[in-house]
There are 2 protein chains.
Amino acid sequence: MATLSDVARRAGVSPATASRVINGSSKPVTDELRERVLAAVAELQYVPNAHAQLLARSHRSAVGVIVHDVSDPYFAEITRGLQRVATDQGRLLMICNSYRDPDRELEYVELLRGHQVAALILAGSGYHDDAFTRQLNEKLAAYEATGGRVAVIGRHEHSGDAVMPDNRTGGYLAGRELCGLGHRAIGVVAGPRILTTTTDRLAGLRQALAEQGHDLPERRIRYAEFDRDGGAEAAARLLDADPELTAIMALNDSMAIGALATLRARSLAVPHRVSVVGFDDMPIARDVTPALTTVRLPLVDMGVRAMSLVLGAPAPAPRVEVLPAELIRRDTAGPAPDARRDTAGSAPRARRGDTAL
Amino acid sequence: MATLSDVARRAGVSPATASRVINGSSKPVTDELRERVLAAVAELQYVPNAHAQLLARSHRSAVGVIVHDVSDPYFAEITRGLQRVATDQGRLLMICNSYRDPDRELEYVELLRGHQVAALILAGSGYHDDAFTRQLNEKLAAYEATGGRVAVIGRHEHSGDAVMPDNRTGGYLAGRELCGLGHRAIGVVAGPRILTTTTDRLAGLRQALAEQGHDLPERRIRYAEFDRDGGAEAAARLLDADPELTAIMALNDSMAIGALATLRARSLAVPHRVSVVGFDDMPIARDVTPALTTVRLPLVDMGVRAMSLVLGAPAPAPRVEVLPAELIRRDTAGPAPDARRDTAGSAPRARRGDTAL
DNA sequence: TACCGCAGAGAAAGCCCTTTCCCGCAGGGA
DNA sequence: TCCCTGCGGGAAAGGGCTTTCTCTGCGGTA
């Protein structure tokens, strides 16, 4: 690889001058030298060594992001929001997938710190794991102590700036909807127990049921991976144990899609025999058939906010922005089969407009 | 941030010794000093400056990847394959999204070169744009001249190692299937004209139709963005122009899903009134209803191969690995409405097993 | 006892840039 | 004519790490 001094030598100038030309320094350089340098750069196909630059320059510019999995639509949307703000400010993003492995998360914090990122954003559920939480907080504190900025999305265990989707209210809205439709035998297809997202959403759901005088026994909950196959599997276990279920609440949309696959395989009509409600409103939710009734989270906005927090002026006290959840009624949630008798003859709810195109 | 010499000072050793302990150098260090260094590292929460390390070390280890968009399932799958091999070999991946912008692609090649990556992988369709192709090849050649390794996935314009999905045969298989089902009025929902993937798939399709004595007039093709909304829009334009279409070939699954949305909005039954065939077999294809008939590409394997090429021993001559496409029959392609009369009474094809769970 | 070899530690030379500091020179004012 | 100013350029000092080279002191052999 050609180096700066190769360029300087070829142009017959000092490395200092070459550097100034290449970086558009404010220090003036005569046109003749400038041209010679530029010509040398082109001839040698010179590209500055980014590591040497970052070492020599003092200011840090890149931002590190740790998500569970960018290819998961939930994180893809959040990342889109992060990216938008970062790009506007000319920041490079380093994105790392933890695949929900706490140890890997810790490692990535170190890695990104080592890469001298100006800020760090952790997105995705926290863990019910005190030892881990403590370690993470220590590492983040150490990072912040050296001037690094930190924000988290969707995890309350960190004491700094945070953007929090209102998971609990989301669960509540879904629960209220299902209760309102007359469902009593509601099964829950849940993500891993250890995730705070799981327990928060569950808590909201439980509260909604409690308000109607119902409870949510553990036997009506199945914990599995937070993805399509996990949802399919959990739904199957749920139905095996309790064939009379009239509704399934899936704690995210991927799981809901898996649950729909299970119901289809068992020829249980949705929503006539079993209703399904998802969570997150990922883009694909409107494209499955029937279109998925779900709880929308402003995912892109969550990313935008988090990046803005971290790139904006630091605050004296930690800021927490709670973003609202919203119920999106589509076609997978209908009246409970026995409740339907009361409203006999009423056709299943017409397809919602937002599913067309 | 604490530096290595901070650690050394605190441990009462030289930076050289500290470095040796921290990196597990083969040079022996007495246990006592080792412990002192480790203690200092822990107390200072020391993390080595990655840029300084990369600058000081001679060997390059990271691998750069340029894709159109990782959050697109097509690339997410490929990336999964890349990641698998890279992780096995302890390589870090730097992934960049070009968002199908050739200029950005060029910039990223420079960026990654600047970051001293050991290899570069470009995934995703090439462009029908000679100026761009020439520039890219120049840059890649310059990079290879300095010892960098390069592989491309799905683009034939680069002269080096390549992994090529058999887009043309895939198009051919889809075309033969539709012809076999009696379709003659076939519309195509195509990606951007400028992408070689579009033209390759189209060429295969055209060939299949030609073998049956049919042609594919331009008025039956609509070009749009290679995503869900592009597919929805193109399908709408296609149906507006020619309401008698009995089949739609979408040049990727995202577009197929958009086309299904349009058909649903217009109450055109799939596959009874209109058949749809997609391309790629992304994971979601089996979960839409009806499940999508499509052409499968071994996406993960493509990633695995490309990374293996680039991390393995260099070959004297460029290698091209062509990976086969395979037709996956599910539920969106059925007999053409007029052909159906011939097989009157035959129920629509039973749901394929692979859609259950 | 003299010498050799080696283990274990440190000194110092890079790796490739950026940027401050300094120098020479030409032009303008006194 | 002399001095000051300011412009354009180069020298050199880092930035934080790795690694080679060098040095010291010890045990072992002849």
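Both backbone and side-chain heavy atoms feed into the values below; hydrogens, waters and symmetry mates do not. Lettering follows sequence order; numbering is per chain, from 1.
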Point to revise | Contacts of A/M94 that satisfy side chain to side chain contact (heavy atoms under 4.5 Å, CB included) - sequence neighbours left out | key: A/L112, A/H115, A/V117

Check your understanding: Expressed in angstrom and rounded to an integer, what is the separation of B/R60 atom CZ from C/dC16 atom P?
Key -> 8 Å

Exercise for review: Please identify each residue that fulfils side chain to side chain contact (heavy atoms under 4.5 Å, CB included) with A/T197, with sequence neighbours left out.
Suggested key: A/S125, A/N167, A/R201, A/F226

Check your understanding: What does the inter-axis angle of the helix from C/dT1-D/dA30 to C/dA30-D/dT1 come out as, five pairs per end, nearest 10 degrees?
Key -> 60°

**Study point:** ring pair (Phe, Tyr, Trp, His ring centres under 6.0 Å) partners of B/Y143, counting only residues at least two apart
**Key:** none

Review point. Is there a donor-acceptor pair closer than 3.5 Å between any side-chain N or O of B/R149 and the backbone N or O of B/L309?
Key: yes

**Study point:** Any residue meeting ring pair (Phe, Tyr, Trp, His ring centres under 6.0 Å) with B/Y46, in chain and number order, not counting sequence neighbours
**Key:** none

Review point. In whole Å, what is the span from the NE2 atom of A/H51 to the P atom of C/dC16?
Key: 12 Å

Practice item. With sequence neighbours excluded, give me every side-chain hydrogen bond (donor to acceptor under 3.5 Å, both in side chains) pair touching residues 297-316 of chain A. Key: A/D301-A/R305, A/R305-A/E321

Exercise for review: Check DNA chain D against residues 30-45 of chain A and give the residues with a non-hydrogen atom under 4.0 Å, in numerical order.
Suggested key: A/T30, A/L33

Exercise for review: Not counting sequence neighbours, which residues clear side chain to side chain contact (heavy atoms under 4.5 Å, CB included) with A/E43? List them please.
Suggested key: A/R10, A/A39

Dump the pairs, protein N or O against N or O of nucleotides 25-28 of chain D, anything under 3.5 Å, distances to one decimal.
none

**Study point:** Residues forming a side chain to side chain contact (heavy atoms under 4.5 Å, CB included) with A/S25, sequence neighbours excluded
**Key:** A/R20, A/K27

Side chains of residues 81-92 of chain A: which donor-acceptor pairs under 3.5 Å do they make with residues two or more places apart or in other chains?
unit_1 : atom_1 : unit_2 : atom_2 : d
A/T87  : OG1    : A/Q83  : O      : 2.8
A/R91  : NH1    : A/S61  : O      : 2.9

Practice item. Return yes if some donor-acceptor pair links the side-chain N/O of A/D6 with the main-chain N/O of A/A2 below 3.5 Å, else return no. Key: no

Practice item. Could you run through nucleotides 18-28 of chain C and give me one letter per nucleotide, 5' to 3': B if any protein heavy atom sits under 4.0 Å from the base, S if only the sugar-phosphate is that close, - if neither? Key: BBBBB------

Point to revise | Protein-nucleotide distance (A/N49, atom CG; C/dC16, atom P), rounded to Å | key: 7 Å

**Study point:** B/Q116 CD - D/dC17 P separation (whole Å)
**Key:** 18 Å

